[in-house]
Amino acid sequence: TDGISLMDVLVPGRVATQTTSPKDRVLYWEFCTYQKSTPKWGQAVRQGDWKLVSLDRPNQPWELYNLEDDPGETSNLASQNALLVQKLEAEAMRAHVDDPNWPTGRSCLPSDSFERSMSLALDFS
């Protein structure tokens with residue numbers, strides 16, 4: 001499932017059913033960022049205190065941050081933690097689904113065919 005039930009916390013006397021701590025869960029997301037006015041496609045994975053991120057996948061390498069020690073993400077620890085980078089990268093690859101409208105490694109702007117289909121879908125004339 002994508003969420004964690006709060007029923008164990010909200011219902012008095014209920015026996016805990018969660019087997020995974022929220023800190024153990026892997027979170028994955030994709031995002032659009034701008035570098036020098038150019039839109040770039042990024043990916044991030046978080047597990048516990050660790051965050052793996054790339055602001056321009058697949059053109060730039062992964063960066064790894066310990067958010068407990070470095071909430072501002074100023075010290076890239078990827079080179080000192082190669083196995084953790086590999087583990088979190090595998091999670092990113094497992095979670096990512098290619099979409100022809102949002103091609104990996106290109107600008108994070110939608111494809112022309114997607115824009116055309118959206119303009120047709122929103123045409124109220």
Side-chain angles (χ1 to χ4, degrees):
T1 65
D2 287 338
I4 295 177
S5 172
L6 296 176
M7 293 301 290
D8 296 341
V9 176
L10 299 175
V11 177
R14 183 173 166 131
V15 177
T17 58
Q18 298 291 321
T19 57
T20 303
S21 163
K23 238 179 158 27
D24 295 331
R25 290 185 53 125
V26 175
L27 303 174
Y28 170 79
W29 64 100
E30 299 175 6
F31 56 94
C32 185
T33 187
Y34 284 83
Q35 294 177 347
K36 300 180 183 172
S37 301
T38 302
K40 300 289 183 177
W41 179 75
Q43 289 176 285
V45 180
R46 177 159 182 189
Q47 185 174 32
D49 294 333
W50 294 101
K51 179 180 176 187
L52 186 72
V53 64
S54 177
L55 301 179
D56 186 11
R57 288 299 301 156
N59 303 315
Q60 288 186 2
W62 291 103
E63 298 173 11
L64 180 69
Y65 299 99
N66 182 315
L67 299 179
E68 175 71 22
D69 299 335
D70 180 19
E73 300 178 19
T74 59
S75 298
N76 180 2
L77 302 174
S79 63
Q80 296 102 304
N81 295 279
L83 290 178
L84 182 57
V85 169
Q86 288 177 354
K87 176 187 173 212
L88 294 176
E89 181 179 22
E91 292 287 350
M93 297 305 107
R94 183 186 59 75
H96 172 74
V97 176
D98 277 329
D99 184 323
N101 296 310
W102 301 92
T104 304
R106 209 186 77 164
S107 157
C108 61
L109 298 176
S111 67
D112 293 338
S113 62
F114 178 78
E115 287 180 359
R116 278 194 302 279
S117 67
M118 289 304 295
S119 66
L120 290 173
L122 299 174
D123 184 11
F124 296 109
S125 56

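It should be emphasised that the depicted structure is a prediction, and the values quoted were computed from it without experimental measurement. Heads up: numbering here begins at 1 and tracks the sequence.
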For A78, all residues meeting side chain to side chain contact (heavy atoms under 4.5 Å, CB included), sequence neighbours excluded: L64, N76, V85
Contacts of type side-chain hydrogen bond (donor to acceptor under 3.5 Å, both in side chains), residue N81, not counting sequence neighbours: none
Pairwise distance CG(N66) to CH2(W50) - rounded to 0.5 angstrom: 4.5 Å
Any residue meeting salt bridge (charged side-chain N to carboxylate O under 4.0 Å, His left out) with E89, in chain and number order, not counting sequence neighbours: R57
Stepwise side chain to side chain contact (heavy atoms under 4.5 Å, CB included) check, Y65 with L77: CA-CA 6 Å; Y65 299 99; L77 302 174; over 6 Å; no
V53 vs W62 side-chain heavy atoms within contact, under 4.5 Å: no
S54 side-chain N/O to Q43 backbone N/O, donor-acceptor pair under 3.5 Å: no
Counterpart residues, side-chain hydrogen bond (donor to acceptor under 3.5 Å, both in side chains), relative to E73 (two or more places apart): K51
For D49, salt bridge (charged side-chain N to carboxylate O under 4.0 Å, His left out) partners two or more places apart: K23
Contacts of type side chain to side chain contact (heavy atoms under 4.5 Å, CB included), residue E91, not counting sequence neighbours: V26, V45, R94
Any residue meeting side-chain hydrogen bond (donor to acceptor under 3.5 Å, both in side chains) with T74, in chain and number order, not counting sequence neighbours: D70
